[in-house]
Enquirer: 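Sharing a structure with you now.
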There are 2 protein chains.
Amino acid sequence: MQLDKIVSYHKALADPTRIKILIILAEGERNGQVLAEKLHVTPATITHHATKLREASLINERRDKNTIYFLLNDYFIHNNATAIVELIYRNVGNKKEVDAMEETHKKLQESVINNFFTAEGKLKQIPAQLKKKLIVLEHLVSQLEEGRKYTEKEINHFIKPVHEDFATIRREFIMHQFMYRENEIYELNPRELWARWETL
Amino acid sequence: MQLDKIVSYHKALADPTRIKILIILAEGERNGQVLAEKLHVTPATITHHATKLREASLINERRDKNTIYFLLNDYFIHNNATAIVELIYRNVGNKKEVDAMEETHKKLQESVINNFFTAEGKLKQIPAQLKKKLIVLEHLVSQLEEGRKYTEKEINHFIKPVHEDFATIRREFIMHQFMYRENEIYELNPRELWARWETL
DNA sequence: TATGTAATTTAACAAGTATCTAATTAGAAG
DNA sequence: CTTCTAATTAGATACTTGTTAAATTACATA
């Protein structure tokens, strides 16, 4: 990762109003007006901050009629946070540690898939631990076609044979940025947005 | 952690010159003049940036005659990086995850101490993996007295019965901020500086 | 005591930023 | 076409910040 990308990430988080926006968005998507009211600032100020957060890839947005809803980009928040550490120590420590980390993740991945899925591919239960939940979601989502647009009904039909609570899983797909929804149409997010979660 | 502490941490990293300073310091301690020359700025500028980095607890310093050497505060760099993530998601996920993480760490701690030390308390070898190495170092350092000043000789005599390569271990104590050295006198850093590495 | 070196402080300036008000655009719905 | 709502843009203001040159402090040593 480049220096100025890291700088702009930290600039984006170097303001209390913007951090408060992110905290509110962690509860769920919100539109500009609501944010403005909650934070006691004008909508213009929200637009200003949203621009900075968007430039740092910390939020995405979704338009519904003439309201724009902002939502967290979980992936970048997690990844950029540790990117600074990697940048500073890149030339110092030994590479083995990173390799070992990836190795560990692969093993975890295997064991999670073995333990949470039946031989027939049914999901026994949704893991409570975030890391494991993400492995399960990634496993499911990787069975969808990249670039294809799905209706909500199609998504439900895809999840149903795997787990009865399709609504929860469909919501998790969106929350964790595996999928993107626009006007009731679902589409896979680019792989780079959700692959490499092992750095979490 | 408070909001403004997080903000000042990110402000500290929201400048390319300061990040470059940290990258240079990752190679080892440097004084102001050297940093100024390497970065093509005046010593006054270095003083300015050093103040900000110090306020965010990202660096420490050590005086030798009238030269001040800056050194990284590894602990804070690692910890603050992920603090923002915790702050944002604090009220969302379930607390169990954090508890589970601490549980996992305690188990790892036990197994590392059992595997790397003999029954007599000798260190078989220095772990290559950072996380494990830190557990070993913490285990050793916790046997020293808080507040007491040690000569280098005393430190060596303390380490010798545990592991023959006392020089390496002594250096690691400093590198990872377990101890602080001033004019050949060693002293334990405050516990909060090196406890809770499990969030790494 | 005088001299030299490293760091800090001060004052100044240019650039950047957070916020607001007021004007404008984009879209929806009567 | 008109009206309403949500968001953005433009312009203004006050505050903050990165940098420098010059003066000052702190310490060491000859």
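Proteins get letters first, then strands, A, B, ... in listed order; numbering begins at 1 in each.
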Enquirer: State plainly whether one hydrophobic cluster holds both A:I126 and A:F158, where clusters connect Ile, Leu, Val, Met, Phe, Trp and Tyr through side-chain heavy atoms under 4.5 angstrom apart.
Expert: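 Same cluster: A:I126 reaches A:F158 through Ile, Leu, Val, Met, Phe, Trp or Tyr contacts under 4.5 Å.
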Enquirer: Distance check needed: C:dA7 P versus B:R62 CZ, whole Å only.
Expert: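 It is 12 Å, rounded to the nearest whole Å.
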Enquirer: Expressed as a whole number of angstroms, how long is the span from B:R30:CZ to C:dA6:P?
Expert: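 After rounding, the reported distance stands at 16 Å.
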Enquirer: From C-beta outward on B:N66, which listed nucleotide comes closest to its side chain: C:dA18, C:dT5, D:dA21?
Expert: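 Between C:dA18, C:dT5, D:dA21, the one nearest the side chain of B:N66 would be C:dT5.
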Enquirer: In whole angstrom, what separates B:D15's CG from C:dT17's P?
Expert: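 To the nearest whole Å, that distance equals 11 Å.
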Enquirer: Specify the separation, in whole Å, of atom NE2 of A:H48 and atom P of D:dA10.
Expert: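 Rounding to the nearest Å, NE2 of A:H48 and P of D:dA10 are 15 Å apart.
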Enquirer: Verify whether the ring centers belonging to B:H139 and B:F116 lie closer than 6.0 Å.
Expert: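 No, ring centres 6.0 Å or more apart.
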Enquirer: Between B:E29 (CD) and C:dA7 (P), how many Å, whole number?
Expert: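 Rounded to whole Å, this separation is 12 Å.
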Enquirer: Output the rounded distance in Å from CG (A:N31) to P (C:dG27).
Expert: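 Roughly 17 Å, once rounded to whole Å.
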Enquirer: To the nearest angstrom, how far is A:E37 atom CD from D:dA6 atom P?
Expert: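 Rounded to whole Å, this separation is 11 Å.
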Enquirer: Between A:R18 (CZ) and C:dT17 (P), how many Å, whole number?
Expert: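 So the two atoms are 9 Å apart, to the nearest Å.
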Enquirer: Nearest heavy atom decides the nucleotide; on that basis, is A:A14 or B:F70 closer to the 5' end of DNA chain C?
Expert: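 This one resolves to B:F70.
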